[in-house]
Protein chains: 2
Amino acid sequence: MKYRSIGEAAAELDIPDSTIRYYEKKGLLPLVERDKAGRRIFSDDQMALLGTVMCLKNTHMPISDIKQYVDWIVEGERTLERRLEMMNRHKQAVLDEIALMTESLKGIDYKIDRYARELGKK
Amino acid sequence: MKYRSIGEAAAELDIPDSTIRYYEKKGLLPLVERDKAGRRIFSDDQMALLGTVMCLKNTHMPISDIKQYVDWIVEGERTLERRLEMMNRHKQAVLDEIALMTESLKGIDYKIDRYARELGKK
DNA sequence: ATACGACTTGAACCGTGGTTTAAGTCAACA
DNA sequence: TGTTGACTTAAACCACGGTTCAAGTCGTAT
């Protein structure tokens, strides 16, 4: 099992170290191990959890909701159903947001067309 | 030409009145007219501009950039090229963000599949 | 032995994007 | 004429998501 320092973990995910510390403080990364000197070390499992956290963050899930989700993971299989429902809800929210962005992009494309035409005919 | 009060304009866009005032203060809505009593009145043109502002906001353009864009509109056709370039840049940023969300959604779908399977086989 | 770089902590600080509050003005309706 | 509701302002307040700071501790290379 490979272990990484916080610097290595942060580089792997291309985020600042401080963000990882912040996430841990917020409860998004429970059970992070430490070496003899008290420094955080990240196992493959922790990296996988961090990856999941990044997926949720990239899709704009609030920190408080991510924490709820992680708490449920720690709680064990008794929470499988709640986790499934949460992910399904979140998926729909993401699809809705993508739809809004896609729709709004039409207004932007319209501007691009207009500007391109006006510049073209000069 | 139809004019609306701030309340009517806000209802039309389904946003709070306070947000419209905030946008005006930030320079996103220049030249808003007033009635004799000093109340804002919104023409069709202003509503169109507000619509554009909402498109940019919905696609996560920072307020400061939206202000730059609106300033260029006010400045006139001399800024057409800059506006076109800005919209093209922004479009690419939006496409990138949608791509990141879509990619992250895969991680979420994977969880959904796993949870659904684990719940199913019990 | 010492200097360097990477790490530790808690607390303070920051930008963004609004929302809320308090005090007041005005138009219309009873 | 008085009350009601929608509006006005500036300023204070807020949540969110980090980032930065200061002071200190280690492990390693010279």
Side-chain angles (χ1 to χ4, degrees), chain A residues 2-43 46-47 50 52-70 90 93 97 100-101 104, chain B residues 2-43 46-47 50 52-70 90 93 97 100-101 104:
Chain A
K2 186 188 166 196
Y3 279 94
R4 306 137 186 88
S5 70
I6 195 171
E8 289 162 345
E12 205 165 298
L13 296 165
D14 197 29
I15 56 174
D17 305 14
S18 61
T19 300
I20 295 185
R21 292 197 193 94
Y22 172 72
Y23 286 171
E24 192 193 8
K25 187 163 11 177
K26 284 291 181 175
L28 271 43
L29 302 174
L31 317 172
V32 174
E33 298 172 67
R34 303 287 180 132
D35 67 11
K36 295 166 200 161
R39 287 170 299 199
R40 292 168 185 82
I41 49 175
F42 295 84
S43 67
Q46 284 292 327
M47 292 307 287
L50 244 173
T52 300
V53 167
M54 295 308 288
C55 277
L56 297 176
K57 176 204 113 149
N58 287 340
T59 51
H60 309 147
M61 182 181 281
I63 298 272
S64 55
D65 289 11
I66 301 179
K67 172 164 169 40
Q68 172 68 274
Y69 175 68
V70 170
H90 182 58
E97 194 183 343
L100 177 61
M101 292 181 76
S104 299
Chain B
K2 187 188 166 195
Y3 279 94
R4 304 136 187 89
S5 70
I6 195 172
E8 288 162 345
E12 205 166 298
L13 296 165
D14 197 30
I15 55 176
D17 305 13
S18 61
T19 300
I20 296 185
R21 291 197 192 94
Y22 172 72
Y23 287 171
E24 191 193 7
K25 185 162 15 178
K26 284 292 180 176
L28 272 43
L29 302 173
L31 317 172
V32 175
E33 298 172 67
R34 305 286 182 131
D35 67 12
K36 296 166 199 160
R39 287 170 299 198
R40 293 169 184 82
I41 49 176
F42 295 84
S43 67
Q46 283 293 326
M47 292 307 286
L50 245 173
T52 300
V53 167
M54 295 309 287
C55 277
L56 297 176
K57 175 204 115 148
N58 287 340
T59 51
H60 309 149
M61 181 180 283
I63 299 270
S64 54
D65 289 12
I66 301 179
K67 173 166 168 36
Q68 172 68 275
Y69 175 68
V70 170
H90 181 57
E97 194 182 342
L100 176 60
M101 292 180 77
S104 299

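On a predicted model such as this, the values are computed, not experimentally measured, just so you know. A, B, ... follow the sequence lines: proteins, then strands. Residue 1 opens every chain.
Contact annotation: the side chain of Glu24(B) never approaches that of Tyr22(B) to less than 4.5 Å [non-hydrogen atoms, C-beta and beyond].
Of the N and O atoms on the side chains of Glu8(B) and Tyr3(B), not one donor lies less than 3.5 Å from an acceptor on the other residue.
Contact record, Ile20(A) with Leu50(A): CD1-CD1, 4.2 Å, taken as the closest heavy-atom pair.
With dT19(D), dG17(D), dC7(C) as the choices, the nucleotide that has an atom nearest any side-chain atom of Ser18(A) turns out to be dT19(D). Among dG18(D), dT19(C), dC7(D), the nucleotide with an atom closest to any side-chain atom of Asp17(B) is dC7(D).
A residue-by-residue look at Lys25(A) and Arg39(A) shows that Lys25(A) has its nearest nucleotide of DNA chain D further toward the 5' end.
For His90(B) and His60(B), the ring centers sit 6.0 Å or farther from each other.
Taking atom CD1 of residue Ile20(A) and atom C1' of nucleotide dG17(D), one finds them 15 Å apart after rounding to whole Å. Summarising the geometry, the separation between CD on Glu24(B) and C1' on dG18(C) is reported as 16 Å, rounded to the nearest angstrom. In this structure, Glu8(A) atom CD and dG27(D) atom P are separated by 16 Å, rounded to whole Å. At whole-Å resolution of the value, OH in Tyr3(A) and C1' in dC7(C) are 18 Å apart. When rounded to the nearest whole Å, the span between CZ of Phe42(A) and C1' of dC7(C) equals 11 Å. Rounded to a whole Å, the NE2 atom of His60(B) is 10 Å from the P atom of dG18(C). Atom NZ of Lys36(A) and atom C1' of dG27(D) are 12 Å apart (whole Å). Lys26(B) places its NZ atom 14 Å from the P atom of dA10(D), with the value rounded to the nearest Å.
Put simply, Arg34(A) has a side-chain N or O that comes within less than 4.0 Å of OP1 or OP2 on dT9(C). An OP1 or OP2 oxygen of dT20(D) is reached within less than 4.0 angstrom by no side-chain nitrogen or oxygen of Tyr22(A). Checking the phosphate oxygens (OP1, OP2) of dC7(C), no side-chain nitrogen or oxygen of Arg4(A) falls inside 4.0 Å. Look at Arg40(B) and you'll find a side-chain N or O under 4.0 angstrom from OP1 or OP2 of dT8(D).
Ser5(A) comes within 4.0 angstrom of the backbone, heavy atoms only, and of no base. Within 4.0 Å of Thr19(B), counting heavy atoms only, lie sugar-phosphate atoms of the nucleic acid but no base atom. Using a 4.0 Å heavy-atom cutoff across all strands shown, Arg21(A) reaches at least one base atom of the nucleic acid.
Considering only residues two or more places apart in sequence or on other chains, Asp14(B) meets the salt bridge (Lys or Arg N to Asp or Glu O under 4.0 Å) condition with none of them.
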